[in-house]
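Take a look at the structure set out below.
Treat the numbers as computed from the prediction; the structure is a model and nothing was measured.
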Amino acid sequence: MKKFTFHILLLTSLFFNHGALAGAQLQQTIESWLGGYPAILKEETVLNKDILNKFYIERNFEAAWLDSKGLTKQGRELLGAIASINEEGLLPADYHGARVLAILTASISPQDTATYDLLLSDAFLTLASHLISGKVDPKDLNAEWEANRRHSDLQLLLENALKQGDISAALDGLRTKQTRYFRLKKALATMRLLPNTAWKQKLAESPAIKPSASDNRIPVIAKRLQVWGDLSLQQPSNETAQTYSAVLVESIKAFQGRHGLDADGVIGRETIKALNISPRERAKQIVVNMERWRWLAENLGDKYLLVNIAAFELKIIDNNQTVFVKPVVVGRNYRKTPVFSNKIRYIVLNPTWTVPYKLAVEDKLSEIQKDPAYLNRLGIRVFKGDSPVPIDPFSISWNEINKRNFPFRLVQSPGPQNALGQVKFMFPNPHDVYLHDTPSRELFKKAERAFSSGCIRVSDPLELAEFLLRSQGWDKTRIAAVIENGETETVTLKTPVPIHIEYWTTWVDREGVNHFRNDIYDRDQPLWQALSKPLNHVEH
């Protein structure tokens, strides 16, 4: 009995000594950080020093993830999350991956207990932050990107996760709940399993290949379509067949449809460009678009408009169902449509158009200087400053006007030539961007539609207006009567409707089909580089 009691006392003493030593080491480390020393542990930069200081002081320097026996259950769950975080398109290295995973095989001294405990707490805080609002701040990459990022009290999240004891559930609860994010996550796992051998060489982009033609690129194209699933693996495969067969034509049309191309079955330059992109490159594209989902607010609204700039598409989502899909025209590369969220508050029928100042001095002025009659032809009136009285454009010496001394407002009257068409949808914002009609209907027939100066042109604006105003007693007949009258009329929405203008170059639809679009604003590669750069690198 005495011997048994002795062993109990010895174990208690060892546990106490281990805990006390680890606590003392934690205190010493925290106090050194408070004294201005760099927060570096085992050549890893600690990213959340200030939160950790407060967290450990408030828990009296008690270790959170390790005890005398090593890793706790919560510690093992956190390591499991770090080991599998690549499935989210994130880097284990950003969460001290290699360092903390070594705990699984190494013996831990009291001094190391303090170090690894701090690294694990820092890993949780960084991982939680990335799951909530993304790793990259979009403002660091794109000035015209306003993210509606989620935020939370990270210390409180850490404390609650440890208190509740289920780290996996705590982290799962931080991910976006959008099903479109999880579809991309599943697509990423699939994409990483696809072979890249068929993409060892780029296919020549010309000449175009038409149905029934013979071309030595056909065998490689067929192989790539099989990898993508657009051509069935059960189709007889002839490695040397060079005829563009009817079966292959249908597969190409499916491929073209998924990539936003004209599904005409002709293998032209744009189709070859898409065929030249390998699964490895498409996996990167999925990763950057998953990050963009992490930048969004959790709740987009019960009913909202969603514009995907890269897809040239407008949707209305009502109770998680897509009820309205229309093509749109977006800004040119040098006048990009910005990314942001807002609410449509009113609709203007037969709108006037006040030419934005930048557009007036950079585009319109040169046209006017060539021919002042240009203004009359387009029904544009000239006002000086805030005066309500128009000026005769022929009374102005336009050749003496430049960007620095332009004192005029240019206002286009309602009518068939009005740049905004018959209706505009207003959600006042600092970018001066809105949805509107257009007299240039032919542009909607093009596959890629980046032609505007930043605003978004809608293909069927009157149908959209009817949809938004239906609950207020408006129908097609009433809207048509106002349009026919020619007078400007503003209708305020009793319930403003959220609008989210976003930029996705890939998504997975409800049927599980993976769609891709060209990166028209060259935004994917800078984001991929930012995501690929480890956060914890220490310069020597």
Fit a plane to each ring of Phe340 and Phe427, take the angle between them on a 0 to 90° scale, and name the class: parallel (under 30°), tilted (30 to 60°) or perpendicular (over 60°).
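If you compare the ring of Phe340 with that of Phe427, the planes turn out tilted.
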Classify the ring geometry of Phe516 against Trp228: parallel below 30°, tilted from 30° to 60°, perpendicular beyond 60°.
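The rings of Phe516 and Trp228 sit tilted, inter-plane angle from 30° to 60°.
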Give a yes-or-no answer on whether the side chains of [X] and [Y] include a donor-acceptor pair shorter than 3.5 Å.
{"X": "Thr29", "Y": "Tyr37", "result": "no"}
{"X": "Asn142", "Y": "Tyr503", "result": "no"}
{"X": "Gln155", "Y": "Glu159", "result": "yes"}
{"X": "Tyr95", "Y": "His130", "result": "yes"}
{"X": "Thr505", "Y": "Asn289", "result": "yes"}
{"X": "His431", "Y": "Glu146", "result": "yes"}
{"X": "Arg183", "Y": "Asn514", "result": "no"}
{"X": "Lys336", "Y": "Asn333", "result": "yes"}
{"X": "Tyr181", "Y": "Arg294", "result": "yes"}

Is the centre of the Trp504 ring less than 6.0 Å from the centre of the Trp295 ring?
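Aromatic pair excluded; centres sit 6.0 Å or further apart.
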Measuring centre to centre across the rings, with the benzene-like ring taken for any Trp, is Tyr304 within less than 6.0 Å of His500?
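Here the rings of His500 and Tyr304 have centres that are less than 6.0 Å from each other.
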Got a sec: does the [atom1] of [X] have more than 12 other heavy atoms crowding it under 6.0 Å?
{"X": "Arg280", "atom1": "CZ", "result": "no"}
{"X": "Lys494", "atom1": "NZ", "result": "no"}
{"X": "Asp302", "atom1": "CG", "result": "no"}

Please walk me through it: do Ile277 and Arg282 pass side chain to side chain contact (heavy atoms under 4.5 Å, CB included)?
CA-CA 7 Å; Ile277 300 176; Arg282 290 302 190 194; 3.5 Å; yes
Shortest non-hydrogen separation from [X] to [Y] and the atoms involved:
{"X": "Ala64", "Y": "Tyr56", "result": "CB-OH, 4.3 Å"}
{"X": "Phe425", "Y": "Ile347", "result": "CD2-CG1, 3.7 Å"}
{"X": "Tyr521", "Y": "Thr337", "result": "OH-N, 3.1 Å"}
{"X": "Ser121", "Y": "Leu52", "result": "CB-CD2, 3.5 Å"}
{"X": "Phe312", "Y": "Ala450", "result": "CE2-N, 3.7 Å"}

Would [X] and [Y] pass as an ion pair if we require N to O under 4.0 Å?
{"X": "Glu144", "Y": "Arg523", "answer": "yes"}
{"X": "Arg292", "Y": "Asp524", "answer": "yes"}
{"X": "Arg517", "Y": "Glu448", "answer": "no"}
{"X": "Lys253", "Y": "Asp230", "answer": "no"}

How would you list, by chain and number, every residue that makes a salt bridge (Lys or Arg N to Asp or Glu O under 4.0 Å) with Lys533, sequence neighbours excluded?
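For Lys533 there are no salt bridge (Lys or Arg N to Asp or Glu O under 4.0 Å) partners, ignoring immediate neighbours.
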Can you list everything that forms a salt bridge (Lys or Arg N to Asp or Glu O under 4.0 Å) with Glu463? Sequence neighbours excluded, please.
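Glu463 satisfies salt bridge (Lys or Arg N to Asp or Glu O under 4.0 Å) with Lys326 once adjacent residues are dropped.
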Heavy-atom side-chain contact between Val100 and Trp65 under 4.5 Å
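No, their side chains stay 4.5 Å or more apart.
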Please evaluate residues Gln256 and Asp262 with respect to the criterion side-chain hydrogen bond (donor to acceptor under 3.5 Å, both in side chains), reporting the C-alpha separation (whole Å), side-chain torsions for both, the decisive distance (0.1 Å), and the verdict.
CA-CA 6 Å; Gln256 290 171 327; Asp262 289 328; over 6 Å; no
How far apart are the C-alpha atoms of Asn48 and Asp122, what are their side-chain angles, what is the distance that settles it, and do they pass the side-chain hydrogen bond (donor to acceptor under 3.5 Å, both in side chains) test?
CA-CA 6 Å; Asn48 302 279; Asp122 190 52; 2.8 Å; yes
Step by step, would you call Glu291 with Leu531 a side chain to side chain contact (heavy atoms under 4.5 Å, CB included)?
CA-CA 9 Å; Glu291 175 74 354; Leu531 287 169; 3.7 Å; yes
Check step by step if side chain to side chain contact (heavy atoms under 4.5 Å, CB included) holds for Leu154 and Leu158.
CA-CA 6 Å; Leu154 294 179; Leu158 173 57; over 6 Å; no
